[in-house]
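Side-chain atoms are counted along with the backbone in the values below, which use heavy atoms only and exclude waters and symmetry mates. Starting from 1, each residue takes its place in the sequence as its number.
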Amino acid sequence: MGWGTVKKVRKEKISITEILAVIYVVAVVIIYFLPGVLGLYDVMVGKKGLGNTISAILISSCSALFLSVPVLIIGIGILRGLIKNRKEMKRSFLPIIGITFLTLTIPVILFCGINRTRYAEQKCFSDNDRGLGDLLILADCISDYFSDEYDEYIVNDTWLDSRKHISSSGRGGSSYHKEYILYGCKNGEKQFSAQIGKEDFNSFRDSLPKGFDITVTVYKKSGFLRSVQPSVDFGREESYEHFFEISADGDKIIRSENLSTYEIDNLTWCEFYNGGSIQIENSLCGINAEKSLEYPYSMMGDEICLFAWVDGGYKRVSNIIYKEDISQ
């Protein structure tokens, strides 16, 4: 075998090493983004949510280990070389101590720094992070999964929030992922806040009523939602129409007190032509109803209901009574 052949073989070995290194790094990156690809951040409620969270953190931990373990191995290799050649080196004691310190600390710092999925940075958890990435969240979720211990709240108002977090920034610009949070209040006083997934956010946005009781259970350790159970079977937009109930009593129209706990303004009796009670702008007349449980006039239009200022606009806040239902 000539010198040129030996050189060629060495070159091929280096190329294979480089290829393997690239494959290794790409695999680590793929594993890191795998929870998002699998949709593990989309549902964070109930046992399924706990399972998704546990799976996402374990996958993230694998990618962190795949980067920190090689650093540990390289550090041990350097340390062994120093110890083996310590007789030939002057003042070898300090380098050995320094390399030992770096070998033990860098992998740990690297692991905790990389092991941060979309949980540890979030508002609901960041205050309790303590530099351990998602490991504390993982322990809490495992405990909740098997113990099923929870706190129960009865709230009459909820609101949702979403916040952007930078996922990456480079030549192609910044990319973002969102944090979703559900807040619960009882008579204006905050009772809890819990991180939820994208699918949970979309579902709650339409399904949770406003001003009516909702029973919410929250896992004790992790703070994730265990269950959300409204006391009524209508969603947010429809709930406005159930704030009051009006009924025909002979030739009179009477209303109930506010059936919800939501405070409204400018409660008004409104008459409409047939099918016109979609918007208050279509009303034939508007009569203040805040101090009256009874409509004081004969009905001239085809429909009558209550409107009020709620949630930033005038909305229908009662059922509709039709003229043919009233005794003339």
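Heavy-atom contacts from other residues, nucleotides or ligands closer than 6.0 Å to CD of E189 number 12 or fewer. The number of heavy atoms from other shown groups lying within 6.0 Å of CD (E294) is above 12.
With hydrophobic clusters built from ILVMFWY side chains whose heavy atoms lie under 4.5 angstrom apart, W269 does not share a cluster with W309. Linking Ile, Leu, Val, Met, Phe, Trp and Tyr whenever their side-chain heavy atoms come within less than 4.5 Å puts V228 and F192 in one cluster. The hydrophobic cluster containing I253 does not contain F272, counting ILVMFWY residues as joined when their side-chain heavy atoms lie under 4.5 angstrom apart, directly or transitively. I54 and F224 fall within a single hydrophobic cluster, where Ile, Leu, Val, Met, Phe, Trp and Tyr are joined by side-chain heavy atoms under 4.5 Å apart, directly or via other members. L306 and F234 fall within the same hydrophobic cluster, defined by Ile, Leu, Val, Met, Phe, Trp and Tyr side-chain heavy atoms under 4.5 Å apart, directly or through other members.
The OG atom of S318 sits 11.5 Å away from the CG atom of N258 when rounded to the nearest 0.5 Å. Rounded to the nearest 0.5 Å, atoms CG (L208) and NZ (K210) are 11.0 Å apart. Residue L225 holds its CG atom at 5.5 Å from CG of L182, rounded to the nearest 0.5 Å. Note: D302 CG to E324 CD = 8.0 Å, rounded to the nearest 0.5 Å. Considering SG of C305 and OH of Y295, their distance stands at 10.5 Å, rounded to 0.5 Å. For the atom pair Y180 OH and K198 NZ, the distance stands at 5.5 Å (nearest 0.5 Å).
With hydrogens and angles ignored, the 3.5 Å screen pairs a side-chain donor or acceptor of D144 with a backbone N or O of S222. S203 contributes no side-chain N or O that, together with a main-chain N or O of E199, makes up a donor-acceptor pair within less than 3.5 Å. Between the side chain of T268 and the backbone N or O of G286 there is no donor-acceptor pair closer than 3.5 Å. Of the possible polar contacts, none joining the D157 side chain to the G188 backbone as a donor-acceptor pair under 3.5 Å is found.
Taking Ile, Leu, Val, Met, Phe, Trp and Tyr as hydrophobic and joining them when side-chain heavy atoms fall under 4.5 Å apart, one finds Y273 in a cluster with L284.
Contact check for Y240 versus F307: no side-chain heavy atoms found under the 4.5 Å cut-off. Side-chain contact between F243 and V310: present, with at least one pair of heavy atoms (C-beta onward) separated by less than 4.5 Å. Contact annotation: the side chain of N319 never approaches that of E241 to less than 4.5 Å [non-hydrogen atoms, C-beta and beyond]. With contacts defined as side-chain heavy-atom distances shorter than 4.5 Å, the pair I196/L160 qualifies. In this structure the side chain of Y219 never reaches within 4.5 angstrom of the side chain of D140, judged on heavy atoms. Looking at heavy atoms from C-beta onward, N52 lies out of side-chain contact with M44 at the 4.5 angstrom threshold. No side-chain heavy atom of Q191 sits less than 4.5 Å from a side-chain heavy atom of V216. Side-chain contact between S143 and F146 is absent, with no heavy atoms from C-beta onward closer than 4.5 Å.
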Stepwise, does the side chain to side chain contact (heavy atoms under 4.5 Å, CB included) test hold for N156 with F212?
CA-CA 5 Å; N156 48 39; F212 295 88; over 6 Å; no

Derivation of the salt bridge (Lys or Arg N to Asp or Glu O under 4.0 Å) call for D206 and R236:
CA-CA 6 Å; D206 300 324; R236 186 177 184 86; over 6 Å; no

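Smallest separation of non-hydrogen atoms from L293 and E257: CD2-OE2, 4.0 Å. What you find for I287 and P296 is that their closest heavy atoms are CG2-CG, 4.5 Å. Taking both residues in full, the closest heavy atoms of N288 and E290 are given as OD1-N, 3.0 Å, listed atom of the first, atom of the second, then distance. Here the closest non-hydrogen pair linking G36 and Y41 is N-CE1, 3.5 Å. Closest approach of I321 and A248 over heavy atoms only: CD1-N, 4.1 Å. Closest non-hydrogen pair, K323 versus M300, comes out as NZ-O, 3.6 Å.
Between K186 and D213 a salt bridge is recorded (basic side-chain N to carboxylate O distance below 4.0 Å).
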Contacts table for residues 274-283: side-chain donor-acceptor under 3.5 angstrom, sequence neighbours left out:
| residue | atom | partner | partner atom | Å |
| --- | --- | --- | --- | --- |
| S277 | OG | E303 | OE1 | 2.9 |
| N282 | ND2 | G276 | O | 3.1 |
| S283 | OG | I280 | O | 2.9 |

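Listed by first then second residue, pairs satisfying salt bridge (Lys or Arg N to Asp or Glu O under 4.0 Å) with a partner in residues 219-228 read D148-R226, D151-K220, not counting sequence neighbours.
Between Y183 and W159, the ring planes lie parallel to each other; the angle is under 30°, not in the 30° to 60° tilted range.
A cation-pi contact links K47 to Y145, judged by a cut-off of 6.0 Å to the six-membered ring centre and 45° from its axis.
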